[in-house]
Amino acid sequence: MSTPRIFGDYESKWQKAWDEQGLYHAAQPGTIEAKEKFYGLVEFPFPSGAGLHVGHPRSYVAIDVVTRKKRMEGKNVLFPMGWDAFGLPTENYAIKNHVKPQDATTANVNNFRRQLKMIGFGFDWGREVNTTDPAYYKWTQWMFLQFFKSYFDESTGRARFVEDREAPVKGRGERGEGSGDTLPTTHYPLPSARMAYKTTTTINWCPSCKIGLANEEAIGGVCERCGSVVEKREKAQWMIGITKYAERLIHDLSTVNYLERIKKQQIDWIGKSEGAFIDFKVAYGQRLTVDGGDAVRVFTTRPDTLFGVTYVVLAPEHEFVSKWIADGVILNIDEVRAYQQASAKKADMDRTAEGKEKTGVKLEGVSAINPANGEEVPVFIADYVLAGYGTGAVMAVPAHDERDFAFAKKYELNIVEVIKPKRDIFQAKYSLVKKELESLGTPIENPEQEKDWQKKLDEEFNGFCKRVELGEICWPHEGSLMNSREFNDRYSEDAVAEITSWLEKKQSGEKTTNYKLRDWIFSRQRYWGEPIPIVICPSCGYVPVPEEQLPVLLPDVESYEPTENGESPLAKIREWVETTCPHCGGKAERETDTMPNWAGSSWYFMRYCDPHNDRAFASEEALKYWMPVNLYNGGMEHTTLHLLYSRFWHKMMWDLKLLPESIGPEPYASRVSHGLILAQGGEKMSKSKGNVVNPDDVINEYGADVFRVYMMFIGPFDQPAPWDVKGIEGVKRFLDKVWRLFEIADSELRIADSGLETIYHQSVKKISSDIETLAFNTAVSQLMVLTNAFTDAGGVPEEMVEGYLKLLAPFAPHLAEELWHTLGKGGSVHMSGWPTYDETKTVSASFELVIQVNGKVRDRIQVPSDISEDEAKAKALASENVQKYLEGKEPKKIIYVKGKLVTIAM
RNA sequence: GGGCUCGUGGCGGAAUCGGUAUACGCAAGGGACUUAAAAUCCCUGGCCCAAAAGGCAUGUGAGUUCAAGUCUCACCGAGCCCACCA
């Protein structure tokens, strides 16, 4: 063997060889090779013009290591890769550089593929998918149509086909012409009962990208992509009814193995809160109550504070405001209108800029009636009430809500505290009386007397509860807002339940559950996305494009610029837009909106199962075999977007029986997340700071194996880690050392030292379990320990050579394969089986027994591993140094921890 | 403001159940080899002390325990996420 060469010819040589051998080919079910499966998945990248970022490979190498181990263990492994290639960056690039988005995508994909291949991943490249490929997006469009043709069945809590009301659903991909849709498509606007529906909503409009954004993409009122401040606009948009699945998206998390913080973030995002709707009848002008008039419906999680309501607040956008203006019941119209306009503009600006100062305007001429006690309270509009949450109206309880309190203080409104009937208040009172009596010299010893007191207490308590029910108990409170501890102390679930059922009896409210999650805005007014396969017919309404006409191809266009009025560039291509209605044959137009780029990524893991199927998105057989994904890794930034959307998408498909029942409603059995790779010094890598590390440079300098091992060694996988040029040098030295080890081994040096046996078996054990728990950094460190041991011993014992190379193989696949073949081994190390260990051999013959006196280490002695407890204690006591500390006294207690220590307590 | 995560050498970080704190790597100092350099190899390495013995050390302060980086409470600090969600 020549000089150590970690990078160079042999890496590309093996990459080529593996490719030709089809080493990473995942066998389809039904074939001989299809054994027990393992599906490892990494998020497919968006192929940007900038090329691969070092952050990508951290995730890919990790799952590559896991799947390589699984493959060696004899599993039939699916580890695929593809391209999530629709999206704005490509479109913007195309506009700027006057190229076709298609061409830019192809170029970027080729570059990404080249970069990934250099790293030596075990991807099954035969399964590569691309969301912009018509053969792929045909099925994205097809799925959209399935959602359009289905509705949410409240009685079963599952989505089902509209035609399901009359006829059973046919199999996947076989829903041909003439499938009778019994829910007419002629409804305009469409009933939102459908899973996919079009409706006019206020959308987040990015003036820079000229695109409508989902709520998830406009966090903090800022466009997720370009950082521009978003505006509110009214627009007809396609929506998908994810809110119908809110409960199941929370509930089913208990059936999967996700990192706790991922579960928590999803639950928080869905934002479930239990409470009640309460109706406040409205009184106009002089008339106190109006039967059959408007009632403002508010949402509250604290119906038990109803007696503390001193005013009602509507969001400035609330429909009643304009209605009341039109009806002429509002007396201060100018002031109200001015406030509405101001707050509409304010939504466009950074909200935190104005701090949390609360503003609002009283609606003169209107008041609301508290259904609990008939009290008339003023009505305000204020932008601290959000139009999009709950009912867009709240009952204000300044004594128990900080925001209401701040507002009430500013506008000098009443603050009324609600006292809850809490038993401990009475208990305290009872104790006081008892103490007082005792201090007067009349101790209560008589048990009868004690019972009597208890009885009185109960009576008084029950009477108090009654008065609360009648709405009598609430009285003005002059103090400031209670601190939160006091507030929570007084909170009572019973009181909430009681008041809610009372409201329901009176028909002025109902129990409800509210979610922060909004329906998914599915329309984008851009070119580079899947066209929504719908035809708009003046007489039939929204008509689905017949399935045999899919895909609806993106037409070639001259210019990709979106229009100023917010229409998609597709709208400018009249010959594409103009079509005939598939339903009535009359003149009609195509839908010009395209789908968000979350569409293609919501189901790509299904396509990988059977990527070349042209009759279905995947065969039932393939789905049954491969799904669910065993291990899915991706960034935390996708927890509330992609991860939630794809879980939801999978559930809809499963409900519609488009997926095999047996795979269950959850697509991913396990989801983990990697930490960011930071620049040297701990800052985020960014182009503007010029601290971006290019994987190409690293691989050219050090080779793929060094890059891979360093990626795994850099730190705990789920935590951020700063890139360190010196650190990678250390890894290079390590792999050089491995190489040299075999130069020695090659010279026929044989080691017969059983001292190596222990460390070898320990290493097999530790590395095996570390890969399972994704503790890659300690797995690499154990490989180093083992390598150092071999180096110190002067070589690798013959019987450990294969096992050692196998342990190395998932991390440094090229080096392991090269050495495997240099040593004359047949086949491929990557198919050679995972090494086993003998538990009894992980324990050495002797160990260092630590002896402590009062918790401090006083001596260490070498003893045989099978030493008995009594022997160990005796040896410990016999130690000279221990004797010194005992000072001839008898120890109080002696504790023996097997295989570790003896501790003597004085 | 709320939630989550975390504070261990000069640095990245180890440390199953509470049981030898600082594995592994980097950087540093010293030495060997070499005309020299690179590469490689060997030695040293938490702090106090000349050394030994001993003492002090896992953000700070208490507590539980024979024994605490690990458990409990309080405080200080950092990072991430959400943020007027009624």
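Excluded from the calculations below are hydrogen atoms, water molecules and symmetry mates; all remaining heavy atoms, backbone and side chain alike, are included. Numbers restart at 1 for each chain; the letters A, B, ... are given by sequence-line order, proteins then strands. These numbers were taken from a predicted model, which means no experiment stands behind them.
Classified by its glycosidic torsion, B:G61 falls in the anti category, the angle being over 90° from 0. Shown here, B:C17 is classed syn by the O4'-C1'-N9-C4 or O4'-C1'-N1-C2 angle, which is within 90° of 0.
For the P atoms, the distance linking B:G55 with B:U64 amounts to 22 Å, nearest Å. Taking the P atoms as reference points, B:G29 lies 45 Å from B:C82, given to the whole Å. For the C1' atoms, the distance from B:G77 to B:U65 is 29 Å, rounded to whole Å. Rounded to the nearest Å, the gap between the P atom of B:C75 and that of B:G1 is 14 Å. Of the P atoms belonging to B:A62 and B:U70, the separation is 14 Å, rounded to the nearest Å. When the P atom is compared between B:G59 and B:U8, the two are found 6 Å apart, to the nearest whole Å. Look at the C1' atom in both B:A67 and B:U20: the space between them is 12 Å, to the nearest Å. Separating the C1' atom of B:A52 from that of B:U58 is a span of 27 Å, rounded to the nearest Å.
Two residues are said to be in side-chain contact when any heavy atoms from C-beta on lie closer than 4.5 Å; A:Phe734 and A:Leu783 meet this criterion. A:Arg261 places a side-chain heavy atom less than 4.5 Å from the side chain of A:Asp718. Between A:Glu839 and A:Tyr837 the shortest side-chain heavy-atom distance falls below 4.5 Å.
You'll find the ring centres of A:Tyr384 and A:Phe407 inside the 6.0 Å limit.
Pairs of Watson-Crick or G-U wobble type, with distances under 3.5 Å, assemble into runs of 3 or more in RNA chain B at these ranges: B:1-7 with B:76-82, B:10-12 with B:24-26, B:28-32 with B:40-44, B:46-48 with B:54-56, B:59-63 with B:71-75.
Phosphate proximity of B:A86 to A:Tyr384: absent, as no side-chain N or O sits under 4.0 Å from OP1 or OP2. Contact annotation: A:Arg858 side-chain N/O to B:A53 OP1/OP2 distance is not under 4.0 Å. Considering only side-chain N and O atoms, A:Asn788 lies under 4.0 angstrom from the phosphate OP1 or OP2 of B:G25.
A:Glu319 meets the side-chain contact (heavy atoms from CB on, under 4.5 Å) test with no other residue; sequence neighbours excluded. Residues that satisfy the side-chain hydrogen bond (donor to acceptor under 3.5 Å, both in side chains) test with A:Thr513, not counting sequence neighbours, are absent from this structure. Residues passing the side-chain hydrogen bond (donor to acceptor under 3.5 Å, both in side chains) test with A:Arg58, sequence neighbours excluded: none. In this view, A:His318 and A:Phe320 satisfy the ring-ring contact (aromatic ring centres under 6.0 Å, His included) rule, not counting sequence neighbours.
Note: CG (A:Leu783) to P (B:G25) measures 12 Å, nearest angstrom. Atom P of nucleotide B:A86 and atom NE2 of A:His318 are separated by 17 Å, given to the nearest angstrom. Look at CD1 on A:Ile267: it is 13 Å from C1' on B:G3, rounded to the nearest Å. A:Phe734 places its CZ atom 11 Å from the P atom of B:C26, with the value rounded to the nearest Å. Atoms CE (A:Met712) and C1' (B:C24) sit 16 Å apart, rounded to a whole Å. Atoms NZ (A:Lys737) and P (B:G25) sit 6 Å apart, rounded to a whole Å. Regarding A:Lys410, its NZ atom lies at a distance of 17 Å from the P atom of B:C84, rounded to whole Å. Following rounding to the nearest Å, A:Phe405 (CZ) and B:G1 (P) show an atom-to-atom distance of 17 Å.
Contacts of A:Val298 with the nucleic acid, taken as non-hydrogen atoms under 4.0 Å apart, are absent. A:Gly271 comes within contact range of no nucleotide atom at all, as no heavy-atom separation falls under 4.0 Å. Among the atoms of the strands shown, none is found under 4.0 Å from any heavy atom of A:Asp404.
Separation of atoms CG (A:Asp736) and CZ (A:Arg733) is listed at 9.5 Å; rounding is to 0.5 Å. Put simply, OG1 on A:Thr903 and CZ on A:Arg858 are 11.0 Å apart, with the number rounded to the nearest 0.5 Å.
Nearer the 5' end of RNA chain B, as judged by each residue's closest nucleotide, is the contact made by A:Arg733, out of A:Arg733 and A:Val853.
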- [ ] Sugar-phosphate atoms are those with a prime plus P, OP1 and OP2; base atoms are the rest. Using that split, label each nucleotide of nucleotides 4-21 of chain B B, S or - for protein heavy atoms under 4.0 Å, 5' to 3'.
- [x] --------BSS----BB-

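Under a 3.5 Å cut-off, the side chain of A:Ser59 and the backbone N or O of A:Gly55 do not form any donor-acceptor pair.
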